[in-house]
Amino acid sequence: MREESGRSLIEVIGVMAIAGAMTISALGVYNMLRGNQVRTIASADLSQIAENTKLLMEMRGTYEGVSIDYLIKAGALKSDAAPIGGDAWSIESSADGATFSINLVDLSNNECEYFATKKPKWATEIMINGFEAGISDNCFDSDTNQISFIVK
């Protein structure tokens, strides 16, 4: 009798299936970790923006006139790049100048839910798609969510 060496086609297909499943699960874990890292970095950036704005504008006694351009010219911001979400973000003062808001746009559902559940200490209020956070789930399933962090 002749002895055969090597693997059968079924064994090779089985090994490839296992390797494929492991690769897909590893990519899923990587994407989850990467998303968490991006949100953590954005949270730190937003905190720094809020603190820099407070330090710069509190000397004036009002937040009137605050904007991204003003903060860049004053050195409180390095660039006009959004910490997370779309590029149409803004920083605006309230009508009476007592508070300011950091407004983020084009956030994904996951990003929206992250900020809705983890209210930063520096924000006095959070508005999600025009509604106060915590009242109900206001995040959309699309990438069109808007969040405003109100700071006193």
Side-chain angles (χ1 to χ4, degrees), residues 13-152:
I13 290 173
V15 168
M16 289 177 64
I18 292 170
M22 291 174 64
T23 301
I24 290 171
S25 64
L27 285 174
V29 169
Y30 171 78
N31 287 335
M32 181 189 67
L33 292 174
R34 178 72 177 129
N36 288 341
Q37 180 185 24
V38 166
R39 289 188 286 273
T40 301
I41 291 170
S43 292
D45 289 347
L46 289 167
S47 175
Q48 190 65 49
I49 291 168
E51 291 302 317
N52 287 349
T53 304
K54 286 172 81 173
L55 285 172
L56 180 67
M57 303 300 284
E58 280 183 342
M59 291 185 283
R60 293 176 36 188
T62 181
Y63 292 115
E64 289 179 7
V66 69
S67 69
I68 294 171
D69 291 334
Y70 180 83
L71 294 174
I72 290 172
K73 289 175 185 172
L77 274 180
K78 294 178 185 174
S79 73
D80 64 349
I84 195 167
D87 291 331
W89 74 297
S90 64
I91 300 175
E92 302 170 341
S93 70
S94 61
D96 63 359
T99 63
F100 69 94
S101 64
I102 301 172
N103 310 301
L104 301 175
V105 297
D106 299 335
L107 296 172
S108 70
N109 185 38
N110 289 338
E111 293 164 346
C112 180
E113 288 177 357
Y114 173 83
F115 289 114
T117 57
K118 297 188 185 232
K119 179 184 170 204
K121 294 178 183 177
W122 50 266
T124 54
E125 183 181 355
I126 298 177
M127 301 292 286
I128 301 171
N129 296 317
F131 299 99
E132 189 176 335
I135 295 174
S136 65
D137 184 15
N138 298 321
C139 295
F140 301 142
D141 289 334
S142 62
D143 291 345
T144 59
N145 291 291
Q146 299 179 4
I147 293 184
S148 295
F149 298 98
I150 314 299
V151 183
K152 278 192 176 180

Say whether, by atom type as modelled, one donor and one acceptor occur between the side chain of [X] and the main chain of [Y] under 3.5 angstrom.
X	Y	value
Ser90	Glu92	no
Thr40	Asn36	yes
Asn138	Asn129	no
Ser93	Val66	no

Kindly compute the distance separating [atom1] ([X]) from [atom2] ([Y]), expressed to the nearest 0.5 Å.
X	Y	atom1	atom2	value
Glu113	Ile128	CD	CD1	9.0 Å
Leu104	Ser148	CG	OG	8.0 Å
Thr62	Met57	OG1	CE	7.0 Å
Ile84	Asp45	CD1	CG	9.5 Å

Contact between [X] and [Y] at the side-chain level, heavy atoms closer than 4.5 Å - yes or no?
X	Y	value
Ile68	Trp89	yes
Asn110	Arg39	yes
Ile49	Pro83	yes
Asn52	Leu71	no
Ile102	Thr53	no
Glu58	Tyr63	yes

Nearest heavy-atom pair of [X] and [Y]: which atoms, and what distance?
X	Y	answer
Glu125	Lys119	N-CE, 4.1 Å
Ala50	Phe100	O-CZ, 3.8 Å
Val151	Ala123	CG2-CA, 4.5 Å
Ala76	Leu56	CB-CD2, 4.2 Å
Gly86	Ala82	O-CB, 3.2 Å
Cys139	Asn109	CB-OD1, 3.4 Å

(Q) For Phe115 and Phe149, take the angle between the two ring planes, folded into 0 to 90°, and tell me which bin it lands in: parallel under 30, tilted 30 to 60, perpendicular over 60. (A)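 Perpendicular: the ring planes of Phe115 and Phe149 meet at over 60°.
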Q: Verify the distance criterion only: is there a donor paired with an acceptor across the side chains of Ser108 and Asp143 at less than 3.5 Å?
A: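 Per modelled atom types, Ser108 and Asp143 side chains form no pair under 3.5 Å.
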Q | Thr99: side-chain hydrogen bond (donor to acceptor under 3.5 Å, both in side chains) partners, not counting sequence neighbours | A |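 For Thr99, the residues satisfying side-chain hydrogen bond (donor to acceptor under 3.5 Å, both in side chains) (neighbours in sequence not counted) are Ser94.
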**Q.** Arg60 to Tyr70 six-membered ring, cation-pi geometry met (6.0 Å, 45°)
**A.**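 So Arg60 does make the cation-pi contact.
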Q | Residues, nucleotides or ligands: over 12 heavy atoms within 6.0 Å of Asn31 CG | A |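 Counting neighbours around CG of Asn31, more than 12 heavy atoms of other residues, nucleotides or ligands fall under 6.0 Å, so yes.
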Q: Just do the side chain to side chain contact (heavy atoms under 4.5 Å, CB included) check on Asn103 and Gln146 with the steps written out, would you?
A: CA-CA 7 Å; Asn103 310 301; Gln146 299 179 4; over 6 Å; no
